[in-house]
Amino acid sequence: MADNKMDNIVNLCKRRGIIFPSSEIYGGIGSTWDYGPIGVHLKNNVKAAWWKAVVQERDDMVGLDAAILMHPDVWKASGHVESFNDPMVDCKKCKRRFRADHLVESIKKDSDAAEMKPEDLAHLEEALAGIMCPECGGELTSIRQFNLMFKTFMGPVEDSAATVYLRPETAQGIFVNFKNVQNSTRKKLPFGIAQIGKSFRNEITPGNFVFRTREFEQMEIEFFTRPEEAMEWHAKWLQDRYNWYVNLGINPDKLRLRPHGEDELAHYACACSDIEYEFPIGWSELEGIANRTDYDLKQHMAMSGKDLSYFDDTTGERLVPYVIEPSGGVDRGLLAFLADAYDEISGGRGDAGAENEIVLRLHPRLAPIKVAILPLAKKGGLPEIAHALQSELRKHMMTDYDEKGSIGRRYRRQDEVGTPWCITVDFNTLEDQAVTIRDRDTMQQERISLDKVKSFIREKLEDC
RNA sequence: GCGGGAGUGGUUCAGUGGUAGAACGCCACCUUGCCAAGGUGGAUGUCGCGAGUUCGAAUCUCGUCUCCCGCUCCA
């Protein structure tokens with residue numbers, strides 16, 4: 001029963017080829033989703049807009065595309081082998097689940113809890129003896145390990161091959177390439193490295209459509225600064241990233257910034273602020289901007305034995321930079337853009353009395369299809385003119401052509417996938433060599449000469 | 001892993017033991033020609049899967065799978 005917005009969005013996504021449940025003919029596989037013929041453009045556009053903003057338009061940023069599989073030691077150095085292993089216990093009575101180390105800490109907070117490490121299972125199990133469920137007082141199960149990293153094997157023979165992990169974040173690919181990038185680009189502090197790529201986490205609780213999935217795509221920046229400038233850059237990036245969402249059409253009333261409390265910081269961060277969006281499921285994180293300090297570079301220096309410090313030739317000083325990390329989720333961002341653009345008009349805008357009219361008010365730069373060409377009739381040479389126009393436009397932008405059904409129906413179809421402009425070729429076109437361009441949001445129609453259509457649309461796209 | 005809910009055309013749903021339905025969507029033709037119009041015709045379902053009960057199962061029983069929602073997380 002599609003009585004909430006998230007369901008409506010999921011249905012629209014399936015109907016219109018934006019996002020499909022993965023492996024659906026086999027009954028689906030938990031919380032993985034495939035981007036369809038329309039969705040793939042939306043996703044690419046989100047990534048392209050990000051790349052343009054953080055790499056193309058800046059002097060202090062360069063790009064990178066590192067491999068998903070990395071040396072296993074990377075994840076020891078980064079702390080993920082340790083802290084992505086969560087020791088969990090369940091209450092046998094009320095069935096609630098707890099992190100064993102948190103439980104021990106909260107109950108024995110005055111004693112040796114500080115030394116309690118999640119990976120020290122034997123010690124944990126011992127400390128847990130006698131502890132009952134804090135909710136209902138029931139008996140707890142023994143500790144079970146939840147490893148958040150996907151494991152696989154490098155090499156054809158499983159038992160002799162090395163265990164490798166699918167990366168749980170793209171960041172480490174940047175840190176291990178810090179020297180390579182700095183040497184090859186001759187960048188001086190402060191500068192940053194941007195990367196878009198897939199990451200994998202065996203989440204205990206995935207869900208909410210593409211909000212949390214086990215395979216997801218990240219857009220991450222590691223911005224290297226002098227330690228004393230780190231927090232200043234943290235603030236700058238926070239504002240910068242916030243503006244990015246607003247510039248791409250997100251309603252500012254549905255965005256907020258939320259600094260993390262100390263208790264919720266990741267193991268590598270000393271400060272973090274989230275950009276949150278009010279999804280149909282409530283306020284949730286869209287992007288985190290963390291101060292990772294010099295933690296990662298120092299860890300990799302210790303593990304690899306290589307010097308990753310930076311020599312500042314203006315001060316003659318050698319230092320390990322601090323890192324500001326704006327880390328966003330592509331899928332999550334896309335969901336925010338979708339949810340924010342989703343508009344349902346009961347009764348419809350036209351006079352035919354449609355029940356519900358769905359308009360995806362996507363920013364034109366994100367719109368999967370920029371312009372649809374619709375001949376008013378399938379005769380009189382109109383389709384030929386329309387096809388000719390399409391072959392001119394499609395060299396520059398994603399186009400669609402539709403001659404099926406009434407013109408109103410065709411507008412509806414384009415509205416549902418967020419196409420900003422529809423061009424109709426009508427019988428007058430034969431006389432005046434002009435077409436009508438209709439705007440998705442204003443419903444305004446403009447008569448444009450055929451030879452000016454291309455520049456007209458391209459100007460609109462650049463203006464926004 | 002535990003608890004709860006749910007699986008019937010593309011979508012939303014009806015159908016409580018007797019020939020699988022509707023609406024919307026989709027396709028073709030006619031009509032119309034600028035905002036889901038109308039007409040005619042059409043396609044799409046092994047009712048999640050497997051057993052059982054029964055003359056007969058979408059429907060009852062058992063098993064199983066999957067998805068969704070909640071429990072520790074964070075993009």
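A, B, ... follow the sequence lines: proteins, then strands. Residue 1 opens every chain.
Atom pair A/Arg214:CZ and B/rA75:P shows a separation of 17 Å (rounding to whole Å applied). If you measure from atom CG of A/Asp34 to atom P of B/rC67, you get 14 Å, rounded to the nearest angstrom. The distance from atom CD1 of A/Ile358 to atom C1' of B/rG25 is 12 Å, rounded to the nearest whole Å. Counting to the nearest Å, the C1' atom of B/rC35 and the CG atom of A/Asp402 are 14 Å from each other. Atom-to-atom, CG of A/Asp426 to P of B/rU32 comes out at 17 Å; the value is rounded to the nearest Å. Atom CZ of A/Arg409 is separated from atom C1' of B/rC35 by 12 Å (rounded to the nearest Å). Atom CZ in A/Phe211 sits roughly 17 Å away from atom C1' in B/rC68 (whole-Å rounding). Atoms CD (A/Glu357) and C1' (B/rC34) sit 14 Å apart, rounded to a whole Å.
Applying the Watson-Crick and G-U wobble criteria (two distances, each under 3.5 Å), B/rC60 pairs with B/rG52. B/rA23 and B/rU11 make up a base pair, with Watson-Crick or G-U wobble contacts both under 3.5 Å. In a base pair of the Watson-Crick type (N1 to N3 plus N6-O4 or O6-N4) or a G-U wobble (N1-O2 and O6-N3), with each distance short of 3.5 Å, B/rC47 is matched with no nucleotide. The base-pairing partner of B/rC67, taking Watson-Crick or G-U wobble contacts with both distances under 3.5 Å, is B/rG5. Pairing partner, B/rC29: B/rG39, with both Watson-Crick or wobble hydrogen-bond distances short of 3.5 Å. Applying the Watson-Crick and G-U wobble criteria (two distances, each under 3.5 Å), B/rU72 pairs with nothing in any strand.
Of the candidates B/rA75, B/rC69, B/rC34, B/rC69 carries the atom nearest the A/Asn208 side chain, counting heavy atoms from C-beta on.
A salt bridge (Lys or Arg N to Asp or Glu O under 4.0 Å) with A/Asp415 is found for exactly one of A/Arg16, A/Arg361, A/Arg438, namely A/Arg438.
When the P atom is used for both B/rU61 and B/rC69, the distance is 27 Å, rounded to whole Å. Straight-line distance between the C1' atoms of B/rA57 and B/rU8: roughly 14 Å, to the nearest whole Å.
Between the side chain of A/Arg410 and the base of B/rC35, no donor-acceptor pair under 3.5 Å is found. Under 3.5 Å, the side chain of A/Arg438 and the base of B/rC35 form at least one donor-acceptor pair of N or O atoms.
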key: Test ring-ring contact (aromatic ring centres under 6.0 Å, His included) applied to A/Phe279 and A/Tyr277, step by step   = CA-CA 6 Å; A/Phe279 288 92; A/Tyr277 177 75; 5.0 Å; yes
key: Chi angles and distances behind the side-chain hydrogen bond (donor to acceptor under 3.5 Å, both in side chains) call for A/Gln445, A/Thr436   = CA-CA 6 Å; A/Gln445 301 195 345; A/Thr436 303; 5.1 Å; no
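At a cut-off of 3.5 Å, with distance as the only test, a side-chain donor of A/Ser449 or A/Asp451 sits close to an acceptor on the other residue.
In textbook terms, a nucleotide whose glycosidic angle is within 90° of 0 is syn, and B/rG33 is one such case.
For the pair A/Lys47 and A/Trp50, the cation-pi test (distance below 6.0 Å, angle within 45°) is failed.
Both thresholds, 5.5 Å between centres and 30° between ring planes, are not jointly met by A/Tyr411 relative to the base of B/rA36, so the two rings are not stacked.
When all heavy atoms are compared, the tightest approach of A/Glu287 to A/Pro326 is OE2-CB, 3.6 Å.
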